[in-house]
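Below: one structure, written as structure tokens.
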Amino acid sequence: MKKWTGGVLIIGLTCILLVSYYSFIQKQPQKQSSYEFFHPNQQITSKSQNSTTTRPHLVNVDGLDYLFNSTHMPKEEEAKPLLAWGQMRLLLSRSDSLPETAQGIKEAAIAWKELKSKIDETRASKFDHNKVEKNCSFSVSAVNGSVLFPSNDTVILGIPCGLIEDSSITLIAIPDGNQDGFQIEFVGLEGKDPPVILHYNVVLPGDNFTKEPVIIQNTWTYEFGWGKDERCPNHGSTNNVKVDGLVKCNKQLTRSSTDEKSNASNVNDHNHMSSNFPFSDGSLFTATIWAGEEGFYATVNGRHETSFAYREKLEPWLVSGVRVKGGLHIISALATGLPVSEDVDMVMDVEDLKAPLIPKTSKRLLLLIGVFSSGNNFKRRMALRRSWMQYEAVRSGVVAVRFFIGLHKNKQVNFELWREAQAYQDIQLMPFVDYYSLLTLKTIAICIMGTKILPAKYVMKTDDDAFVRVDEILASLKTKTSDGLLYGLVSLDSKPQRDKDNKWYISTEEWPNDSYPPWAHSPGYVISRDIAKFIVRGHQERNLKLFKLEDVAVGIWIKQFKKQIRQVQYINDDRFCNSGCEPNYILAHYQNPRMILCLWEKMQKEHKPDCCD
Ligand SMILES: *[C@@H]1O[C@H](CO)[C@@H](O)[C@H](O)[C@H]1NC(C)=O
Ligand SMILES: *[C@@H]1O[C@H](CO)[C@@H](O)[C@H](O)[C@H]1NC(C)=O
Ligand SMILES: *[C@@H]1O[C@H](CO)[C@@H](O)[C@H](O)[C@H]1NC(C)=O
Ligand SMILES: *[C@@H]1O[C@H](CO)[C@@H](O)[C@H](O)[C@H]1NC(C)=O
Ligand SMILES: *[C@@H]1O[C@H](CO)[C@@H](O)[C@H](O)[C@H]1NC(C)=O
Ligand SMILES: *[C@@H]1O[C@H](CO)[C@@H](O)[C@H](O)[C@H]1NC(C)=O
Ligand SMILES: *[C@@H]1O[C@H](CO)[C@@H](O)[C@H](O)[C@H]1NC(C)=O
Ligand SMILES: *[C@@H]1O[C@H](CO)[C@@H](O)[C@H](O)[C@H]1NC(C)=O
């Protein structure tokens, strides 16, 4: 079924491209907008025109019927987290959808089914919700148990609710000398053939030094098998892209190995090499693998050795177990920094943290702030609720803040998320699983919310690791136009990344032009209501193109708005700090929950936008 859908997608896209290409040749002398490149001969402004041949068509996606079947929807108050969801069907049925849409929807249907039955079960049996499932817990460990002698594919640690940024897994172990190495794997949830989100294969030289010791990192999925492996030492590979600012491969490891190559006959060098290689037979090691912002990185005996960027669809929140194969005697295994939700019953100040009711009769909100978050980021959301969501403008209902969260693949996470949504009334769930490549759909959901559900004069997008000075944003907006506005850290002249290894790689099929129109950086930007409306309508009518970098996508749509509706004011403000915190910030990015609370405290006590570190 999936393959079939994929085929239809590809054929659909090919047709669109062919038609586009044809018209491109015809009209070459004229300047082409990207919009025309994909949708030739079409006038958005005249609805009556019959243009179905050039618009992306609607396809049936596995799981959509289930996700949008109203007989399965909770009723009234309980259905509040599904307000935006209810209006997203068309968006998800497009033949030109984003890459992982079909999978994200199919998996969401499964997750939703499980969540629904859990909700019903709980309703029936009242307080028994903890009985069957494992709770999310901050750490799990296995010490000296029988399970610690893995002979084959043993899952040594179950990760109850996925990994988040700063989660880590530490193994204290001894390579057992009988086999030429071992593999540590972080695996996903699916039964028989779970995806391998990180494969960490340590090859040791063997008895006769017949092999070069090497660390090989990779991923595996049932559909696509192994990915491209990344070796360490990497013999002077030019790929020195860093992950979270850490080298992919420790230089010392590389140097020793290069020496070894040119001195292959010199046996002494094996010792030299072994002393630089962090693992050796019979020697105890302590290895910690961290989940960072952009990838995993490993420290062995206190030294950073390797890092590995997350791959598409293989994100840390999916990890549900640690598996070990090969010759390794494990002394202890510990996973810590894992996501935990705060038990709503134990939170004293729920009423103060709960989103204030916006009465139906009240006129338009001044500002809706949509925050991108993901299922198991419980702690980040609580930090926001206890900090900048306490600004007077938010508490009084002039500004509304809502989290936009896709479903998780883990039952327990979804259930705790559901309880959180019911308790704080500030969560909008999305009818797809939270893959990175689907973020643009959340942007559109925020626009739907800010125009159709909680109509607002301005709509803002931010992230759950950002601190937003709501009062300052409002003060700043007072002096600005309420028509055709894009306000944030605006990039006027940027180019698509054509380097395949780059996180923001865009192919020429996805974006043919050598430059992007102006756009505002993702951690925080504000658009005016007319633009939000244009975005919603454009996607309803399938006149706007989907693009996987959500912030650039908004820029692309705004360029279209400018062409068809009216002038746009791109207002740049350097106080939107894209890459951290700077004094006098209006928005600070990459702030962990502790820093978020610290920034708030500084704001309260010193009334100064100073940074915390
Ligand atoms: C491509 O970029 C140039 C500026 O570099 C711009 O003038 C032109 O309109 C763009 N074309 C498209 C299709 O966006
Ligand atoms: C629109 O296009 C469809 C299919 O190409 C065609 O069947 C229909 O008659 C057209 N409608 C109008 C109003 O032109
Ligand atoms: C919705 O669900 C009900 C009950 O599961 C089923 O009978 C009905 O056919 C479904 N409707 C659609 C449109 O799929
Ligand atoms: C889950 O947490 C609750 C308290 O929040 C506790 O009573 C229960 O025993 C826990 N269940 C498990 C399986 O740890
Ligand atoms: C670990 O297990 C072994 C054998 O099962 C036992 O001899 C040893 O005492 C245990 N060590 C600890 C610290 O429990
Ligand atoms: C591991 O499993 C494979 C396949 O099930 C089997 O062939 C192999 O002998 C097993 N190895 C050990 C050490 O149990
Ligand atoms: C190592 O060398 C010994 C003797 O030279 C040989 O019997 C053995 O097969 C070798 N082992 C490997 C793994 O090559
Ligand atoms: C090879 O080994 C010799 C002595 O063991 C050393 O002096 C030399 O630097 C090595 N070659 C390289 C390229 O490192």
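Both backbone and side-chain heavy atoms feed into the values below; hydrogens, waters and symmetry mates do not. Atoms within each ligand, like the ligands themselves, are counted from 1 in listed order. Predicted model, so just to flag it, every value in this text is computed and none were measured. One is the number of the first residue; the rest follow in order along the sequence.
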(message) Can you tell me which residue among N376, I405, L407, N377 is in a side-chain contact (heavy atoms from CB on, under 4.5 Å) with D434?
(response) I405
(message) Just to confirm my output: which protein heavy-atom neighbour is closest to atom 5 (O) of ligand 3, and how far is it?
(response) H72 NE2, 3.2 Å
(message) Between K75 (side chain only) and M73 (backbone N and O only), is there a donor and an acceptor less than 3.5 Å apart?
(response) yes
(request) Look at atom 1 (C) of ligand 3 and say which protein heavy atom is nearest, naming residue and atom and giving the distance to 0.1 Å. (result) N69 ND2, 1.4 Å
(request) Please name all residues satisfying side-chain hydrogen bond (donor to acceptor under 3.5 Å, both in side chains) with R402, sequence neighbours left out, ordered by chain then number. (result) none
(request) Mark whether atom 9 (O) of ligand 3 lies under 4.0 angstrom from at least one protein heavy atom. (result) no
(request) Answer with yes or no after comparing the ring centroid distance for Y436 and Y310 against a 6.0 Å cut-off, counting only values under it. (result) no
